[in-house]
Structure formats: C-alpha cells, structure tokens
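Residues take their numbers from the sequence shown, with the count starting at 1.
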Amino acid sequence: MNIPYLINIRKIWLLLFLVLIIPFDILADTDLDSLFTNIQHLNNKEKLHRYLQIEEHFYQNRDSLTIRYYKKARELSQKIGDDYSFFKSKEILADYYFRIALYSKTIKLMIPVIRYKRFNKINNIYDNYAKIIDSYYRIDFDKKALEYYYESKIFIKPSDQELESRVEFIVGDIYLRKKLFNKAKKSFLKSLTLNKNLKNRVQVARSYEKLAKIFSIEHNYHKAIFYQKKSLEMYKKLINKHDIGASELKLARYYLDSNRISLSEKHIIACQKLFTKANNNSDLANLYEITGELYFLKKDFGKSEIFIQKSLNILENLINNDLKIKNLIILSKIKLYNNESIKADSLMEKTYSLIKSNNKTKINMKIKAESRKLSLFQQSQKLEKVQKEINLSETKLNRVKILIIFVTILILIIILFAILSIKRIKLSKKLFSELTKKTADLESKKALNEKYSEEKIHLETKNIALKMVFDANDEFNIPLKNITENLAKIKSSKFYPDEKLKKRLAKIESSTLRIKQILEEMTSLKNVETEKYIDSHNDNMISFKSQRNNVEE
C-alpha cells in the first residue's frame, strides 16, 4: 500500500472539510457580530435592548455567556428604571438554566417573573408556569408543582395547547407517583386528547403507555393490554426500534402477569430481535429477567436459570436492586425445585439482606429528597416573603405616586387660580384706568364746552359792539359829508355870514372834525380789533375743536 498517497488523500479531505466548514462558521457568527457592532455608541435604552438580544442569542446556543449578559442587562435596566427589561433578562436566564437542567435556579428566577407578569397583566405567562411545574416535578417537589398547576389554569389560551399537553402529562405522572390513579388517568387522557389534536405521535404513544401502566397497577390487565397495544402501534409508525422493543417488553409483562404465557412469549421473541442489536444493558437485564420468569412458569427451569443468571450478570454493573431481588427470588425457587435447599437458603438470605439494604437506600434517598424538598420549601417561603415585601413596597409606592399626583394637580389648580386672579386684577386695573381717563376726558370736554360757551358769548358781545360801531359809522358818515360840503359852500360864498354866525359855524366845523376824528379812530380800532379777535378766535376754535375731537375719540 502506498502510504504517502494515503497521507495526501487525508490532507485533501481535511482541506475540503475546512473550506466547507469555515463559511458556515462565519455565517453563524455574522448575527452575533452585528449585535456587537457600535454597541458603545448607543444610548442606554438601545444598549439595553441589544444586551437582551445578545443574552437571547447565547441562551439559544446554551452558552454560559448568557449569565454575563444577563448581569449587564440587569444593571442597565435598574439604572434607567426599565422594569420590563429587568424581568425579561431574568426570564431568559431562567430559560437557560432550565435547558441545562439547573431546576432550582430556574424556579428561583422564574417565580418573580410570573409575579411581575401577573401584576402588569402581560400575556404569554403560561410558558413560565409550565417551566416552573416541570422544574418542581423533576426535583420531586410534587406539592409545589401541583400548586402552580392549579394556579396556571386561568392563564391557558387556545395557542398554549402544546404546553398544556406537556403540563398535563407531568401532572399525570405526579398523581401516579402519589398513587392518585383516577386523577392520573384524567390528566393522561387530557394529554392524549391534546396531543391527538396536535398530531404529536410520540406524546400520544407515551400517554397510552402511562394509561396502560395505571391499569396494570390496578390489575385491570385487559385495559392495560388495550392501551399498550395502542402505544405499540404508534411507536411502529414512528419506526423507532428501541421504543418498539420497550413497548413489546411491557406488553409481554402484562400478558405474563395475566397468565397468558403464549402471547407473552410471542412479544418476548419480538423484543429479543430488537434488543440484541441494541447496546442498552438495562433493557437487556429486563428482557432476560422476564424471559427467565416465562420459562419458570413453563417449568423449564434450566432455561429459566440461564436467563436469570444473564440478567444478574448485567445487574452487577447497574444499580437496580428491585430487579436483582426479582431475579434472586426466581433463582431461589428454581433451586428449591431442583432440591438444592442449601443454595436456595443462601439465595434467600442474600435476597433478604438486599431487601434490607434496598429499603435503607430507599429510606436514605427519601430522607435526602425530603431534606431537599424542605430546603426548597424554605427557599420558596423566603421568595414568597420577599415577594410580599415587594408587593407591599409597590403598594406603598403606588400610594406615594397617587399622593404626588394629587398634590401636583392641587398645585396646578392653585397656580391656575392665581394666574386667573392676577389676570382679573390686571383687567380691573385697566378698566379702572380707562374709566378714570374717560371721566377726565368728559370733565375736560365739559370745561372746553363751558370755555367755548364763554367764548361764544364774548364773541356775540363783540359782534354786537362791532355792529354798533358799523351802524354808527354808517349813520354819521353821510351827514358829516353833507355838513362839510355845506360849510365849504358857505366859506366860498361871497356872502359869508357875520361874526356871530362864523363862530357858530366854526363850532360846528370843529365838532364835525372831532366827530370825524372819532369815527376814523373807531374805524381803525374796528379793523385792528376785528383782525386780532378773529385771529385769536380762529386759533382758539382750532385748538378747541382738536381737543374736543380727542375727547370724543
């Protein structure tokens, strides 16, 4: 064989594998890289949302980094006061712990999430209940599992059928452990109905199997065989050899317990064909034990001993004391039938000692389970106490919030009332000032009117006086003219009068001149006074009119 050639082939295959796997690895990390991109430049709210997405990503991959990003999300949500994100991060971490089978931690984180969702009336709460019920069931804390089962019923929605079927199956198993067979039947029948609707064949087969087990415990082998056959039919459709073999073995057991040996042998042979290819020692130990029991009932003690011994040889490396005890009892009976009483006694002593140790082991296991239950119960009590304190603090906080809102509203009302009062006072002052101004304007108008009346009276008086002057002027101008003309005629006449008449004519002339002078003075006075009076009167009238217009406006 050419060794270098083989080495080259291996190198080529390795290179091809790397070429194929690297792109997938890059694609797998692409989403995560995009989540980390620019995370430091985001504001707190966006950063918190990104932390939750990263936590969700690691949870889906069952990565322990889920815890780290839970802490980051928790710290940031507390900092900015985002309660929803705080409890969302708790829920993701609880789901992660459930996936890796840390059920106590799942319970511790999930209970506050349920309380928060119930208080805030958030949907999709039944999934959380299902995980708590499952967690309590897996740590054998049946009482608490049932408490949360009853509590969860009001939150079931039509879309929760798959979860409900799983919960009903778990509760059926709890009732079966507690030997409450009627309640167990109801739960398994409900699980069966739901899984039929969902077309979940595996769970349908398991529900049939559980119902068969309950009826076999009640020694109702007819119904036990009926349901086990249904389970076997379903497993055959699923083509799972191990499940088919386990179902065949159970059916063989029910036939054997009901003393139908030939039918039991038929299913044992079918099971042997399936289990010889399987590498499951526990299943083989069970198969050899039931085969040995079958041959013992057929009184073929040789074959029976061979199979019992095979089962015991496998059980040396397994912890299944119940099956060991069964094998030892059959083997001691075989020795008695073969008249080997000493060996039979030895086997019986060994059986008794094994029963005692098995009982002690069971008692110790029970004590440990009870102590674990007690510790979990104490933890749950503490959680409930903390939850009550949280609820009380929330109630107080709500009261404080209501009080703050009330005080704020009251302050706003007072401020609004104060603003309205100030506006009202300002408006009153404005109206008062306007009223005062109008009153002053009216008084001013009244004074102007009075002044105008006085001016009018004065004007009328002056007009009368001027008229009198004009009238006097008109009365005296014509006669004075005639007198002057006549005097001039007399002086120019050659018949000038005597001295006595001259004196009288001189007096008339001087009187005429004086009258004329007076009339001229009166005329000049008339013109000057009239012009002055008219100018001043016009000015006064203009100012008066402007003032009156202002007042009227």
Lys117 atom NZ, over 12 foreign heavy atoms within 6.0 Å: yes

Crowding at CZ, Arg177 (>12 non-hydrogen neighbours, <6.0 Å): yes

Is Ser428 reaching over with its side chain to a backbone N or O of Arg424, donor-acceptor style, under 3.5 angstrom? yes

Evaluate the ring pair (Phe, Tyr, Trp, His ring centres under 6.0 Å) criterion for residues Tyr175 and Phe181: first the C-alpha distance (whole Å), next the side-chain angles of each, then the deciding distance (0.1 Å), finally the verdict. CA-CA 7 Å; Tyr175 285 136; Phe181 300 126; over 10 Å; no

Between the main-chain N or O of Glu46 and the side-chain N or O of Asn43, is there a donor-acceptor pair closer than 3.5 Å? yes

Find out whether Met110 and Asp95 are in side-chain contact, i.e. whether some heavy atom of one side chain is under 4.5 Å from a heavy atom of the other. yes

Other residues, nucleotides and ligands only: do more than 12 of their heavy atoms fall within 6.0 Å of CD on Gln53? yes

To the nearest 0.5 Å, tell me how far Tyr136 OH sits from Tyr148 OH. 5.0 Å

4.5 Å side-chain heavy-atom contact, Lys326 and Asp322: no

Tell me if a side-chain donor or acceptor on Asp63 pairs with a main-chain N or O of Leu65 at a distance below 3.5 Å. yes

What I want to find out is whether Glu151 reaches Arg115 closely enough, with some N-O distance under 4.0 Å, to be called a salt bridge. yes

Can you confirm whether Lys223 is buried at NZ, in the sense that more than 12 heavy atoms of other residues, nucleotides or ligands lie under 6.0 Å from that atom? no

Apply side-chain contact (heavy atoms from CB on, under 4.5 Å) to residues Ser231 and Gln228 and explain how you reach the verdict. CA-CA 5 Å; Ser231 177; Gln228 193 58 50; 4.0 Å; yes

Show the numbers, then the answer: is there a side-chain contact (heavy atoms from CB on, under 4.5 Å) between Lys90 and Lys108? CA-CA 10 Å; Lys90 267 186 183 293; Lys108 191 177 178 181; over 6 Å; no

With the threshold set at 4.0 Å, does a side-chain nitrogen-carboxylate oxygen contact exist between Asp257 and Arg253? yes

Test side-chain contact (heavy atoms from CB on, under 4.5 Å) applied to Tyr69 and Lys72, step by step: CA-CA 5 Å; Tyr69 283 92; Lys72 284 180 179 286; 3.7 Å; yes

Between the CG atom in Leu180 and the CD1 atom in Ile214, the distance rounded to the nearest 0.5 Å is 10.5 Å

Arg99 side chain to Gln60 backbone, donor-acceptor under 3.5 Å: yes

Evaluate the side-chain proximity of Leu287 to Asp283: yes if any heavy-atom separation is below 4.5 Å, no if none is. no

Going by an N to O cut-off under 4.0 Å, is there a salt bridge joining Lys144 and Glu147? yes

List the atom of Leu176, the atom of Lys213, and the distance in Å for their closest heavy-atom pair. CD2-CD, 4.2 Å

Under 4.5 Å between any side-chain heavy atoms of Tyr70 and Ile92, yes or no? no

Working to the nearest 0.5 angstrom, can you tell me the gap between Leu416 CG and Ile409 CD1? 13.0 Å

Side chains of Leu146 and Lys178: does their closest heavy-atom pair fall under 4.5 Å? yes

List the atom of Leu163, the atom of Ala130, and the distance in Å for their closest heavy-atom pair. CD2-CB, 4.0 Å

Non-hydrogen side-chain atoms of Asn320 and Lys324 separated by less than 4.5 Å: no

Just checking Lys229: does its NZ atom have more than 12 heavy atoms from other residues, nucleotides or ligands closer to it than 6.0 angstrom? no

Go through Tyr96 and Tyr59 one step at a time and tell me if the ring pair (Phe, Tyr, Trp, His ring centres under 6.0 Å) criterion holds. CA-CA 5 Å; Tyr96 166 72; Tyr59 147 68; 7.3 Å; no

Answer yes when Glu164 and Lys190 have at least one side-chain N-carboxylate O distance shorter than 4.0 Å, and no when they do not. yes

Can you tell me if CG on Asn124 sees more than 12 non-hydrogen neighbours from other groups inside 6.0 Å? no

How far does NZ of Lys196 sit from CE of Met234, to the nearest 0.5 angstrom? 7.5 Å

Could you check if a side-chain atom of Phe226 sits within less than 4.5 angstrom of a side-chain atom of Leu211, using non-hydrogen atoms only? no

Ignoring hydrogens and angles, tell me if any N or O in the side chain of Ser187 forms a donor-acceptor pair with the backbone of Ala184 under 3.5 Å. no

Do the non-hydrogen side-chain atoms of Leu42 and His49 ever get within less than 4.5 Å of each other? no

Aromatic ring pairing Phe87/Tyr116, orientation class (parallel under 30°, perpendicular over 60°, tilted between): parallel

Please state whether the rings of Phe169 and Phe188 are parallel, tilted or perpendicular, taking 30° and 60° as the class boundaries. perpendicular

How close do Ile244 and Leu232 get, heavy atom to heavy atom, and via which atoms? O-CD1, 3.7 Å

Lys210/Asp173 under salt bridge (Lys or Arg N to Asp or Glu O under 4.0 Å): CA gap, chis, key distance, verdict: CA-CA 8 Å; Lys210 288 289 181 181; Asp173 225 13; 2.9 Å; yes

How many angstroms lie between atom CZ of Arg206 and atom CG of Leu192, to the nearest 0.5 angstrom? 14.0 Å

For Tyr227 and Phe215, take the angle between the two ring planes, folded into 0 to 90°, and tell me which bin it lands in: parallel under 30, tilted 30 to 60, perpendicular over 60. parallel

Pairing of Lys131 and Asp127 as salt bridge, 4.0 angstrom limit: yes

Heavy-atom pair with the smallest gap, counting every atom of Asn286 and Leu249: CB-CD2, 3.8 Å

Nearest heavy-atom approach of Ser165 to Ser191 is O-OG, 3.2 Å

Is atom OH of Tyr150 surrounded by more than 12 heavy atoms (other residues, nucleotides or ligands) closer than 6.0 Å? yes

Could you tell me which non-hydrogen atom of Asn44 sits nearest to which non-hydrogen atom of Leu76, and how far apart they are? O-CD2, 3.5 Å

dist Asn120:CG -> Asp83:CG (nearest 0.5 Å) comes out at 7.5 Å

Output, in order, the C-alpha distance, side-chain angles, deciding distance and verdict of side-chain hydrogen bond (donor to acceptor under 3.5 Å, both in side chains) for Glu91 and Asn128. CA-CA 8 Å; Glu91 186 180 6; Asn128 307 119; 2.9 Å; yes

If you measure from the Lys or Arg side-chain nitrogens to the Asp or Glu carboxylate oxygens, is any gap between Asp134 and Arg138 under 4.0 Å? yes

